[in-house]
Amino acid sequence: MHKVHTDRIISDFPSPYDSSASPYHQLNFHPLVKSVSAENRSGTVGLKICKAVLVGDVAVGKTCLVNRFCHDAFDRDYKATIGVDFEVEKFSVLSIPFNLQLWDTAGQERFRCIAASYYRGSSIIIAVCDIMDPESLNHTKTWVDEAKKTAENPNIFLVITKKDLATEEHVALMKEEGKKMAQLIGAELWIVSSYTGENVKEFFFRAVALTFDKTVQSEIEWINNKTNIQIGSSLVDMNQTTSSSRQKSPTRSNCC
Amino acid sequence: MATSGLNEIRTNENISMDKSNSSVSSTILPWDRFSNWVYCVCSVTFDLELGQAMEMIYPAHVKLTEREKLNICYLSFPDSNSGCMGDTQFHFRIRQCPGKKSHFPAQFNYNKDCPASLQSDAGYWFGFVYFRQTRDPSQKRGYFQKSVVLITRLPFTQFFSHVLSIVANEFFENGELSLEAACHDIDQWPEPIPGQNVQLPLVGSVLQVCIPSRLDQMIISPLKIGDSNHSLGQEIYPSIHEIDIFSPLQTVLNNVQLLWELVLTAEPVVAMASSPSFCANAVQSLVSMIWPLKYCSDYRPYFTIHDSEFKEYTTKTRLPPSVILGVTNPFFSKTLQHWPHIIRIDDNLGTSEKSLSKMKKAFNPKALDTKPGVYTEYKPFLQKDKQILKRFVKGVETKRPLEVQNTILKRYLMELTQSFMIPLERYAASLMPFLKNISPFKSVPTLKPFVLSDMLASVERSGPQLTCGVKGDWLGLYKKFVRTINFEGWWRYRQTEMNRKLQALHFEALADADLILWIRNKPEVEVVDIILRLRDKLSLARRKIIPVSENSIRKVNIQLESIINCVPDDLKSVLMSNNRQR
């Protein structure tokens, strides 16, 4: 069964870091998503999965960000990621099991040629850069462009790390720069510290909630198209929804 | 502590990929996880001067002897010039050179609880090959020829073929680095613990598989890989070992029972086909015909004239060995013409490619004929079951789906095997000592010996004639079977299983016995003896070698402590320090 840690339950819609630096303006889950989720509280709908890739220059703190979130740990020693690291985090969003796959890629140049295979099918792109290294911020555009090629209509996030190392003035400066970049690449901006943990959980919750909302919405849309029920019609046949949505994705019936 | 780490993986039901579990990560070295699944991945190229040559091995620290390398190199390429343009996949099985570690870290735990026929054999490797041959004008001979090979000890044919196809395609696309990255992915895979669902990240997607367990219901799982959904990055495998046995055996299905008898009694069999993939699949299908029984002798899905066992297996000075070989080189028609059972597999069903050997010079009428079929003088013990053959013919006529034909064939064979094994299983169970003979104050009772005549006598009462429609000389078949290595392997497995059960019962008896009362007035030497024995048992139980509950372990531990508390102080300190040293 899908056992979710009490720390991974999302029932309220999380806010952005700075609403002026986000392309996502919704304030809550879509009403349809809410009602569908409420209907499925019993857990008849199986597992949903979303794939996230972390990209960015060498040593900007991609692995540290993952470790802080997944293990609540911070390791000062720098170990370069070989290829790609992998983690699964189990969430419960509006009482529906939702797994986040985190693919933490290597920032080293030599691994670039293989990266595309690892980006395939991701619905979240997390571009990471170092607050003390403005160049790494500039590079995020290339990283995101590369990852977008094989991703599926992804939600994009720009995460500036190592906030603990910077003065307030510097943070303010980088925030302005980050905003510009975020706008350019269509991302939502976050400034976090994996060392102190500041904003790390908030960021991942936000990313997961937004992606959950999108996934479920597109699923509803898909079903509606299939069953010729118009979006917005007040009667959505829930039984129909559950049974056909189960057929759609074989992965769900086999929740582990 | 190593044992507690293991327990935590066990109880962590589904995804044991949790690195935060510090006691787990501390017991795991880099490449430990990897080596549970795969020994190494290498690329083999065809060098115009050197012939087959190993380009690289990953992980780099892995040791292969020259002989092992040579074997892998030769087995990684088609043996005859039969074209094989494009991509070809097949697998082989080789012997490891003696003198090295012949198991993977989690092998004991895996073998203990997996189905017997899927146990990993110490000293043997499987090699999965992905061979690519394409026209390439830039190459001297105008061809690009290269293989990616995955070496493992786990017999998950279906699964590793799939894994390798992913890895090899990446390699051909992006080069060496993709092997490093893929191996790193595999190094994050959780231990293969029977009965667990595991999620295995590989090249950007996640394979979800269930590790087979001996507690699994003996049902035939579907062949088809669950509709993979790449957009979700998740692929589900209903089974990691089930293969298509219908297609490779189709042309010889007429003799399906005879083949079953040959495999059951470990007769020397050679399967000849024109391509490595076809002979490999044929041999693997033959071996799995007696599922759930384990085929215990050696088998080589793909065997070449360069193999280091070539002389040993083809010599005419001795009787042919009890092995099953898959070959493609026409030369074998001659070398193995003295073999009693030759199967020719026609792999040209529906394809235009023309068949293998045009060996007209062979001396033996058996080898002369290249038509598909079984060439043997073997007289089966059992009568032909015409019903099942009719069913297959009808299936072909009505274009029944392959999956269904497979299910019918597998079920038929499994029922045949089970009908055959039930009397043996029953007889074996009757060799267990009675429960009342298990006393905590005595040593564990031993199993009664296996007496063939008793077993045969029991066949008359509870034989396969009761559960199976097939008539024939079942007794004769038993007599032949008990002299084979397959019987030996089965009996050893059953003995181990029953002894573990006895040990467990004895352990439970100890947990509930009043040992304090018993040691009263006993000489010190006997008290020390029981302390040492309890310690041994506890250690076995903690390592799950004796299958008992945590509660019993706790109880026996309390027993042990209270006995130690009863002995004089000087002896106590000796015992304590002795324990620490261990």
Side-chain angles (χ1 to χ4, degrees), chain A residues 1-3 5 47-53 66-73 79 81-90 99-106 108-123 150-153 215 218 247-256, chain B residues 11-22 25 30-31 34 58-59 166-167 169-171 173-190 196-206 208-210 224-238:
Chain A
M1 272 315 292
H2 189 85
K3 276 180 233 137
H5 199 269
L47 200 63
K48 291 187 206 317
I49 299 152
C50 78
K51 174 174 173 178
V53 286
V66 171
N67 283 347
R68 168 57 73 198
F69 182 64
C70 296
H71 308 310
D72 201 21
K79 288 186 286 290
T81 301
I82 308 165
V84 179
D85 280 341
F86 174 79
E87 297 281 349
V88 183
E89 279 294 314
K90 296 176 176 180
N99 274 7
L100 174 68
Q101 284 180 4
L102 284 165
W103 295 82
D104 171 17
T105 65
Q108 284 161 318
E109 189 60 36
R110 69 182 190 113
F111 282 109
R112 279 220 172 164
C113 64
I114 61 155
S117 318
Y118 285 85
Y119 300 154
R120 202 175 296 132
S122 37
S123 42
T150 48
E152 312 212 325
N153 182 23
T215 312
S218 62
Q247 281 162 11
K248 182 198 163 193
S249 164
T251 43
R252 297 217 234 103
S253 54
N254 204 334
C255 118
C256 58
Chain B
T11 48
N12 189 351
E13 243 186 7
N14 293 317
I15 307 166
S16 29
M17 211 175 273
D18 192 0
K19 282 190 215 154
S20 66
N21 201 328
S22 59
S25 58
W31 300 115
F34 176 86
Y58 216 88
I166 295 175
V167 173
N169 275 303
E170 275 297 306
F171 171 75
E173 189 97 347
N174 298 318
E176 212 174 287
L177 208 60
S178 56
L179 282 193
E180 184 179 348
C183 288
H184 180 74
D185 288 345
I186 298 173
D187 196 33
Q188 301 178 60
W189 292 6
Q196 283 207 337
N197 264 310
V198 289
Q199 301 204 11
L200 314 172
L202 183 73
V203 196
S205 56
V206 176
Q208 186 178 316
V209 300
C210 186
K224 248 200 193 152
I225 292 166
D227 297 319
S228 61
N229 195 334
H230 260 291
S231 65
L232 285 173
Q234 190 102 350
E235 289 181 45
I236 295 183
Y237 269 78

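Every value quoted in this text rests on a predicted model; they were computed, and no experiment measured them. Every chain is numbered from 1 and lettered A, B, ... according to where its sequence line falls, protein lines coming before strand lines. The figures here come from the full heavy-atom set of this structure, side chains too, leaving out hydrogens, waters and symmetry mates.
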Side chains of Asp85(A) and Gln188(B) in contact at under 4.5 Å (non-hydrogen atoms)
yes
Checking the side chain of His184(B) only, and the main-chain atoms of Ile82(A) only, is there a donor and an acceptor separated by less than 3.5 Å?
yes
Contact summary for Tyr118(A) and Ala182(B), nearest pair of heavy atoms
OH-N, 3.9 Å
Quick one: OG on Ser205(B) to CH2 on Trp103(A), what's the gap to the nearest 0.5 Å?
6.0 Å
Residues Ala181(B) and Gly83(A): closest non-hydrogen pair is CB-CA, 4.0 Å
Check whether any side-chain heavy atom of Phe111(A) sits under 4.5 Å from a side-chain heavy atom of Asn174(B), and report yes or no.
no
In chain order, what residues pass the side-chain contact (heavy atoms from CB on, under 4.5 Å) check against Ala115(A), with sequence neighbours excluded?
Tyr119(A)
By side-chain contact (heavy atoms from CB on, under 4.5 Å), which residues pair with Phe69(A), not counting sequence neighbours?
Arg8(A), Glu89(A), Phe91(A), Val200(A), Lys201(A), Phe204(A), Phe205(A)
